[in-house]
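Each remark here refers to the structure printed beneath this line.
The structure displayed is predicted, hence computed values, not measured ones. Computed from heavy atoms alone, side chains included, the values below leave out hydrogens, waters and symmetry copies.
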There are 2 protein chains.
Amino acid sequence: MSSSNPNARSRILDAAWTLLEEGGSRVRMSDIAKAAGVSRQAVYLHFPSRAELLIATTRHIDEAKQVDARLAPSRQAMGGRARLELFVEAWGNYIPEIYGVGRALMAMQDSDEEARKAWADRMKALRHGCAAAVAAIAADGELRADLTGEKATDLLWTLLSVRNWEQLTREAGWSQAEYLTAVKDLAIRALMKHAG
Amino acid sequence: MSSSNPNARSRILDAAWTLLEEGGSRVRMSDIAKAAGVSRQAVYLHFPSRAELLIATTRHIDEAKQVDARLAPSRQAMGGRARLELFVEAWGNYIPEIYGVGRALMAMQDSDEEARKAWADRMKALRHGCAAAVAAIAADGELRADLTGEKATDLLWTLLSVRNWEQLTREAGWSQAEYLTAVKDLAIRALMKHAG
DNA sequence: TGTCAACTTTACACGGTGTCAAGTTCAGCC
DNA sequence: GGCTGAACTTGACACCGTGTAAAGTTGACA
């Protein structure tokens, strides 16, 4: 051995990705190593800890899926409402793609500072997106009068949480399309003056 | 030792309660034992596993706080809207009381079937409450026309999740009062025809 | 006095993460 | 051809937290 697909590092990342996507329950370092066709120690040669491997995996996915590019449309949308809808759609379609790793990362949040921070960063990025959408709505004069920008942002941010997607989609059995329309609708009702 | 407050069992439950409430991070069996003034093994004399201790602790809290009694008002409310508001309020005020244990229970969901089931049961109970509130709204002819009872229930159920409370209250820094008014308002906007 | 139950003490197995040290393999280069 | 260094393997081990096992202590009650 072994055959050496270019580098072991990306084989490990791919293995982690697919294993976590299949989900099941607890994916161990040894599972990932085996799936990558590499010894358990080799994994530690590339990633110092499980947390950092998971974090690297999210980056790997983002790259492979060209996430940045897909967030662009919402940024150049004209009106606040359109922007809100596009943003919800972009994020809502992103969630299932990182859900596997995200779940693992969330699970180790309160046992691992590294993981906590990484996930918090991602959530902060989401919150920035929310703030931008809220600002666009406010610029149109369409933000509900009884909401500050902060509160509106918090609300949207919470609405769009991975946990909510998980609950509706995995536990309540909603389709992705149902999730998207319901959440778009709810976001509009929650934030905008003229929800009709 | 030791002083023997009546039974050790309830001392253990109390210890678990307060430790989990203080939160911090990971509460171990040995922490609980120490706080209860008892050996680690004594804990296993009363509870077969960590999961079952946590579950017993939630029941212990429910009893001490007389949770059932407090849910009564919403059940006998007149209109659908009042019922919804009272239900959100009752549940919303319940969350912080079980949050400590709930968090620990949620954390071990995908490593422990026992815990998963116990938490799922609680969530099922919540969903029943949501369904009843939705039914009351529907009976008034006030349920949004584009929502089935199922969908409306799922939506309310998700809105009221512990994780949403956690995010708004612990991460976004909202007060309990802010949380309650925002969620009541949002629930009404989400489900009812005449949200104004 | 003896017995039983509740509890303590000590020890250990297990699973998963992370570390360490000594091989092996192989590419590149003199 | 022979050396070197990097990438990887193998096997062993420490650590932590949960859960189990077994023998010893204490004290109430008959």
What is the separation between atom NZ on Lys34(B) and atom P on dG17(D), rounded to the nearest whole Å? 11 Å
Which of dT20(D), dG17(D), dG16(C) is nearest the side chain of Arg28(B)? It is dG17(D)
How long is the line joining OH of Tyr44(B) and C1' of dA21(D), in whole Å? 14 Å
Under 4.0 Å, counting only non-hydrogen atoms across every strand here, what does Arg40(B) touch: a base, just sugar-phosphate, or nothing? base
Flag for Asp62(B)-Tyr94(B): side-chain donor and acceptor within less than 3.5 Å: yes
Calculate the interatomic distance between Phe47(B) atom CZ and dC7(C) atom P; express it in whole Å. 11 Å
Can you figure out which of dC7(C), dT19(C), dA11(C) approaches the side chain of Leu45(B) most closely? dC7(C)
Do NZ/NE/NH1/NH2 and the carboxylate oxygens of Arg127(A) and Glu150(A) come within less than 4.0 Å? yes
Between Val43(A) and Pro48(B), whichever has its closest DNA chain D nucleotide further toward 5' is Val43(A)
Whole angstrom value for the distance that separates P of dT18(D) from CD of Glu52(B): 15 Å
Proximal nucleotide (of dC7(C), dT17(C), dG19(D)) relative to the Ala42(B) side chain: dC7(C)
Which nucleotide sits closest to the side chain of Gln41(A): dT8(C), dC20(C), dT17(C)? dC20(C)
Can you confirm whether Asp110(B) sits close enough to Arg103(A) that some side-chain heavy atom of one is under 4.5 Å from a side-chain heavy atom of the other? yes
Could you tell me the separation between the CZ atom of Arg50(B) and the C1' atom of dC16(D), rounded to a whole number of Å? 13 Å
Counting only side-chain nitrogens and oxygens, does His46(A) get under 4.0 Å of the OP1 or OP2 atom of dA7(D)? no
Please report the distance, rounded to the nearest Å, between CZ in Arg26(B) and P in dT17(C). 15 Å
What is the distance, rounded to the nearest whole Å, between atom CZ of Arg9(B) and atom C1' of dA5(C)? 17 Å
With no hydrogens and no angle check, just 3.5 Å: does a side-chain donor-acceptor pair link Glu171(A) and Trp157(B)? no
Are Val134(B) and Leu86(B) linked, directly or through other ILVMFWY residues, by side chains that come within less than 4.5 angstrom of each other? no
Of dG18(C), dG19(D), dT10(C), the nucleotide closest to the side chain of Met29(A) is dG18(C)
Could you tell me the separation between the CE atom of Met108(B) and the C1' atom of dG19(D), rounded to a whole number of Å? 12 Å
